[in-house]
Amino acid sequence: MRAFVNLTYIDVIARAGSIRQAAEVLSITPSALNRRLLAVEDELEVQIFERLPRGVRLNAAGEILIHHIRSQISDFERVKSQIADLSGVRRGHVTIACSQALLTAFLPAQIALYRGEHPAVTFRVFPRDRMQAEGALSDFTAELALVFEPVRMVDFQTLIIVRQVVHAVMDRNHPLAGQPVLRLRDCLLHPLALPTATYGVRTLLDRAAARINQDAVPTLESDSFDFLCYATRGSDLIAFQIDIGLPPDDESGALVSRPIDPRDIADGMLHLGQLRSRVLSVATERFASQLSVSLADRYKVV
């Protein structure tokens, strides 16, 4: 087990990019951590980090080792979860990388529901854009990913796909607020509050605008969807969001959302998935099943 602990320390160093910072995370001295690193390198008979002026960086050998280490850590967590499940304790840890749209209401409600039956299970949620979410699966940062309009899909094993309508979000007094369904060309006549190009909603908007020979030029641009939506309060701005991420109704009714005509923007796809061939822990597998059922109940399954 001591050798396994040393390997977990290597993972912390790799993530921190610094022996000193990793030592702070692990609550040990940098010299003690460096000795453990040297012991691993002596056993392998090769260096696994490049020593830089302000930290360390994995070399080619280190990249091979870190993939093995993270796979072993994942397997060990799964085994612990299975053993705890046998004893009736039902402990476990669930890690999720997800699009911002899931943070507003859906994911907090799902976690609360799951913890109602399994209070000993812990969660860690990483807000990520679609590229980063897929990367979090590959580097074992997360076991599950909820991604809107994924990019690569090479190692992404999809568990369920549901359709998401793109909505315009605006102040209740906006000139377009009285229309039940909006055409994109009408929206483009007003100032836009748009996410950056890394997000799926922006990609769909840009493609749709190009089809009608127009540009979706942002007056306000940000990586925060909450900021963009609430920036429309009392202004002439229009923001965009998918079904699952629409801001909850408030007592003031300051914001309204209207679907964009599907002739202009087709439904986007929200994927729940995991790293291909990775065996999930008991807690994560059960939570993934709960998410799949909930998504299927609310939205159209592809």
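Because only heavy atoms are used, hydrogens play no part in the values below, and waters and symmetry mates are left out as well, while side chains stay in.
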Linking I/L/V/M/F/W/Y whenever their side-chain heavy atoms sit closer than 4.5 Å, directly or via other members, would [X] and [Y] fall into one cluster?
{"X": "Ile13", "Y": "Leu44", "value": "yes"}
{"X": "Ile69", "Y": "Ile19", "value": "yes"}
{"X": "Val165", "Y": "Leu102", "value": "no"}
{"X": "Ile160", "Y": "Leu280", "value": "yes"}
{"X": "Leu228", "Y": "Leu205", "value": "no"}

In the structure I gave you, are the side-chain heavy atoms of [X] and [Y] within less than 4.5 Å of one another anywhere?
{"X": "Leu255", "Y": "Thr232", "value": "yes"}
{"X": "Phe106", "Y": "Leu291", "value": "yes"}
{"X": "Ile111", "Y": "Val125", "value": "yes"}
{"X": "Tyr9", "Y": "Leu33", "value": "yes"}
{"X": "Thr198", "Y": "Met131", "value": "no"}
{"X": "Ser138", "Y": "Leu275", "value": "yes"}
{"X": "Asp267", "Y": "Val166", "value": "no"}
{"X": "Asp261", "Y": "Arg263", "value": "yes"}

*Is the number of heavy atoms from other residues, nucleotides or ligands under 6.0 Å of Arg51 CZ greater than 12?*
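Yes.
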
*Answer yes or no: are there more than 12 heavy-atom neighbours, outside Arg115 itself, under 6.0 Å from its atom CZ?*
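For Arg115, atom CZ is not crowded (no more than 12 foreign heavy atoms under 6.0 Å).
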
Calculate, to the nearest 0.5 Å, the distance between atoms [atom1] and [atom2] belonging to [X] and [Y] respectively.
{"X": "Leu272", "Y": "Leu146", "atom1": "CG", "atom2": "CG", "result": "5.0 Å"}
{"X": "Leu65", "Y": "Ile10", "atom1": "CG", "atom2": "CD1", "result": "7.0 Å"}
{"X": "Ile161", "Y": "Leu270", "atom1": "CD1", "atom2": "CG", "result": "9.5 Å"}
{"X": "Arg130", "Y": "Ser99", "atom1": "CZ", "atom2": "OG", "result": "9.0 Å"}
{"X": "Gln72", "Y": "Thr8", "atom1": "CD", "atom2": "OG1", "result": "12.0 Å"}
{"X": "Phe148", "Y": "Leu204", "atom1": "CZ", "atom2": "CG", "result": "5.0 Å"}

Donor-acceptor list for residues 215-223 side chains, cut-off 3.5 Å, not counting sequence neighbours:
unit_1: Glu221; atom_1: OE2; unit_2: Arg202; atom_2: NH1; d: 2.8
unit_1: Ser222; atom_1: OG; unit_2: Ser224; atom_2: N; d: 3.0
unit_1: Asp223; atom_1: OD1; unit_2: Thr196; atom_2: OG1; d: 2.5

Minimum-distance pair of heavy atoms, taken over all atoms of [X] and [Y]:
{"X": "Ala97", "Y": "Ala136", "value": "CB-CB, 3.8 Å"}
{"X": "Ala231", "Y": "Leu237", "value": "O-CD1, 3.7 Å"}
{"X": "Pro108", "Y": "Leu103", "value": "CG-O, 3.4 Å"}
{"X": "Pro191", "Y": "Asp236", "value": "CG-OD2, 3.4 Å"}
{"X": "Val56", "Y": "Ser18", "value": "CG2-N, 4.0 Å"}
{"X": "Arg211", "Y": "Ile265", "value": "NH2-CA, 4.5 Å"}

Would you say [Y] and [X] are linked by a side-chain donor-acceptor pair, where the criterion is simply a distance under 3.5 Å?
{"X": "Ser71", "Y": "Arg278", "result": "no"}
{"X": "Thr141", "Y": "Arg70", "result": "no"}
{"X": "Gln100", "Y": "Tyr199", "result": "yes"}

N/O donor-acceptor pairs under 3.5 Å from side chains in residues 295-302, not counting sequence neighbours:
unit_1: Arg298; atom_1: NE; unit_2: Ser294; atom_2: OG; d: 3.3

Throw together a table of side-chain donor-acceptor distances under 3.5 angstrom for residues 183-190, partners on residues two or more places apart or in other chains.
unit_1: Arg183; atom_1: NE; unit_2: Asp264; atom_2: OD1; d: 3.4
unit_1: Arg183; atom_1: NE; unit_2: Asp264; atom_2: OD2; d: 2.7
unit_1: Arg183; atom_1: NH2; unit_2: Asp264; atom_2: OD1; d: 2.9

*Could you check Leu107 against Cys98 for side-chain contact (heavy atoms from CB on, under 4.5 Å), going step by step and ending with a plain yes or no?*
CA-CA 9 Å; Leu107 199 53; Cys98 68; 3.8 Å; yes

*List in chain and number order the residues that pass side chain to side chain contact (heavy atoms under 4.5 Å, CB included) with Ala283, two or more places apart in sequence or in another chain; answer none if no residue qualifies.*
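Ser81, Val94, Tyr114, Val121, Ser281.
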
*asked:* Quick check on the 6.0 Å ring-centre criterion: do Phe287 and Phe123 meet it?
replied: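 They qualify: ring centres under 6.0 Å apart.
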
*Using the side chain to side chain donor-acceptor pair (under 3.5 Å) rule, take Asp243 and His167 through it: C-alpha gap first, then chi angles, then the decisive distance, then the call.*
CA-CA 7 Å; Asp243 294 300; His167 294 252; 2.6 Å; yes

Does [X] use its side chain to pair, donor to acceptor, with the backbone of [Y] at less than 3.5 Å?
{"X": "Gln290", "Y": "Gln110", "result": "yes"}
{"X": "Arg258", "Y": "Gln179", "result": "yes"}
{"X": "Asp171", "Y": "Arg233", "result": "no"}
{"X": "His174", "Y": "Leu176", "result": "yes"}
{"X": "Glu134", "Y": "Phe156", "result": "no"}

*asked:* Go through it in stages, so that I can follow the logic: the residues are Phe225 and Thr104, the test is side-chain contact (heavy atoms from CB on, under 4.5 Å), and I'd like the CA-CA distance, side-chain angles, deciding distance and then a yes or no.
replied: CA-CA 10 Å; Phe225 278 82; Thr104 304; over 6 Å; no

_Does Met170 form a side-chain contact (heavy atoms from CB on, under 4.5 Å) with Val256? I'd like the steps, not just the answer._
CA-CA 6 Å; Met170 68 200 77; Val256 298; 3.7 Å; yes

Anything under 3.5 Å between a donor and an acceptor, one on a side chain of residues 20-31, the other on a protein residue two or more places apart or in another chain? List them.
unit_1: Thr29; atom_1: OG1; unit_2: Ser31; atom_2: OG; d: 3.3
unit_1: Thr29; atom_1: OG1; unit_2: Ala32; atom_2: N; d: 3.1

*Just do the side-chain contact (heavy atoms from CB on, under 4.5 Å) check on Gln164 and Met269 with the steps written out, would you?*
CA-CA 6 Å; Gln164 292 287 288; Met269 303 300 162; over 6 Å; no

*Output yes when Arg286 and Glu143 qualify as a salt bridge under the 4.0 Å nitrogen-oxygen rule, no when they do not.*
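No.
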
_Run the side chain to side chain donor-acceptor pair (under 3.5 Å) test against Gln132 and tell me which residues pass, sequence neighbours left out._
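For Gln132, no residue satisfies side chain to side chain donor-acceptor pair (under 3.5 Å) once neighbours in sequence are set aside.
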
